2 protein chains.
Amino acid sequence: MAAQTVEERDIWLTEEQQAAWRHYLEGTARFVEALGSVHDRTLPLSLGEYSLLVQLSEAPDRTMRMSTLADGLVLSRSRLTHTVARMEARGLVSRCAAEGDRRGVNCAMTEAGYAALVAAAPGHVSAVRRILVEALEPEEFEMLGRVMAKVAASSRAAGGTEEGLTVLCD
Amino acid sequence: MAAQTVEERDIWLTEEQQAAWRHYLEGTARFVEALGSVHDRTLPLSLGEYSLLVQLSEAPDRTMRMSTLADGLVLSRSRLTHTVARMEARGLVSRCAAEGDRRGVNCAMTEAGYAALVAAAPGHVSAVRRILVEALEPEEFEMLGRVMAKVAASSRAAGGTEEGLTVLCD
DNA sequence: GGTGGATAGTTGAGGGATCAACTACCCACG
DNA sequence: CGTGGGTAGTTGATCCCTCAACTATCCACC
């Protein structure tokens, strides 16, 4: 508990860091669990479908390229294809060829999709409010946003530099 | 963008809250994505298996009741049963009847499980360090821990009170 | 103008997650 | 006792995700 060698200080986390890390893990896990369960039990859209439609709703013509959507939602292309296929079967979105790039596909929100989004929004937002926003002091929540933006940036960088790091080991 | 009615102020989030919320979502998504990818590409254990073994490693006799494990990892009982079955087949853990409660099952880490944990730990910790800890100022990281502990508590409460809330609507 | 390497998106097979049903057991209360 | 409601854990059908392979297109360069 007390003394650590130099190596250990560099490799492991301190007690305080460990504790913070555990709280982070538990917090994120329990939060998505709670929010997802609100969606599954009371709303017409899963959390994933809801997020997808939110993105679309903010795009011009409520339409986006598949790959832009995948990046924004942090989904693999393959997963997005499957998800959109299911949502298309339910009439929530529709796909059509993109103009200007014949490889591209546009995903557009349908009227039914918009209606589902409108139906789900109040329940979704009120759950986010109840479970996340109101559990924290305003400054805490604001800080959480700023800190997680840094984490997002750092994670993005980590994804891109992986091979670069192994190169450094040569 | 400017004026909101009283109702809207109560139902929706402000611009600043929205931004913080989006950053939170993106940050958590990109982080698990980045950390999971380190496990999948370079370590002998997936992130989920690793977390399970970490929990076991800290318990007396490296043994825990299935339900305790499920609660600690925020997994459904069913999911834990399936996961442990797969890990048992790989020789990482073993199950045996719990004494004192004949319904209970104990899950214990094997030597091979411990070895796998030891092998995975340095890569895991260094990824957490690189992507999360060192991306933030020490105070920021410490604050993140404290804030997420509150979120965990609030989410736990939300999970338990769901039916209670509908009762309030009668 | 055609070749090579990147990018956009899809597909299907296999593995993992979810949900509802089920067995087995505990325990409080009559 | 014994009955009833709760808890512990498992099962299997179904659905969803992942991964690797594939087609089709774009574009830079010679």
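What you see is a predicted model; the values in this text were computed from it and never measured.
- Among residues two or more places apart in sequence or in another chain, the side-chain contact (heavy atoms from CB on, under 4.5 Å) test is passed with T42(A) by V38(A).
- With distances taken from any side-chain atom of R86(A) to the nucleotides dA8(C), dT10(D), dC16(D), the minimum falls on dC16(D).
- When all heavy atoms of R30(B) and D71(A) are compared, the closest pair comes out as NH2-O, 3.3 Å.
- Of all the residues in residues 42-57 of chain A, not one reaches under 4.0 Å from DNA chain D with any non-hydrogen atom.
- Comment: R130(B) does not engage E134(B) in a salt bridge, judged by the lack of any side-chain N to carboxylate O separation of less than 4.0 angstrom.
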Exercise. List the steps, then state whether side chain to side chain contact (heavy atoms under 4.5 Å, CB included) holds for Q18(B) with E15(B).
Key: CA-CA 5 Å; Q18(B) 276 256 12; E15(B) 300 265 314; 5.6 Å; no

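- Here R156(B) does not pair with E33(A) in a salt bridge; the nearest charged N to carboxylate O distance is not below 4.0 Å.
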Quiz item: Under the side chain to side chain contact (heavy atoms under 4.5 Å, CB included) criterion, do L117(B) and L92(B) qualify, and how do the steps go?
Solution: CA-CA 9 Å; L117(B) 180 60; L92(B) 299 170; over 6 Å; no

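- For residues 59-67 of chain A, proximity to DNA chain D is found at no residue, defined as any non-hydrogen atom under 4.0 angstrom from a strand atom.
- For residues 56-66 of chain B, every residue pair satisfying the side chain to side chain donor-acceptor pair (under 3.5 Å) rule, not counting sequence neighbours, is listed here: R22(A)-E58(B).
- Along DNA chain C, the nucleotide closest to R95(A) and the one closest to T83(B) are compared, and the more 5′ of them pairs with R95(A).
- The pair E49(A)-R86(A) fails the salt-bridge criterion, with no side-chain N (NZ, NE, NH1 or NH2) lying under 4.0 Å from an Asp/Glu carboxylate O.
- In this entry the distance linking CE of M87(B) with P of dG16(C) reads 12 Å, nearest Å.
- A distance of 4.5 Å separates CG of L47(B) from NE2 of H39(B), quoted to the nearest 0.5 Å.
- In this structure, the CD atom of E33(A) is 14 Å from the P atom of dA17(C), given to the nearest Å.
- Computed from coordinates, the E88(A) CD to dT10(C) C1' distance equals 13 Å when rounded to whole Å.
- When the ring-ring contact (aromatic ring centres under 6.0 Å, His included) test is applied to Y24(B), the partners found at least two apart in sequence or on another chain are F31(A).
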Quiz item: Can you give one letter per nucleotide of nucleotides 18-25 of chain D, 5' to 3': B if a protein heavy atom sits under 4.0 Å from the base, S if only from the sugar-phosphate, - if neither?
Solution: BB----BB

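- Checked by atom type and distance alone, the side chain of S155(B) never pairs as donor or acceptor with a backbone atom of A34(A) at under 3.5 Å.
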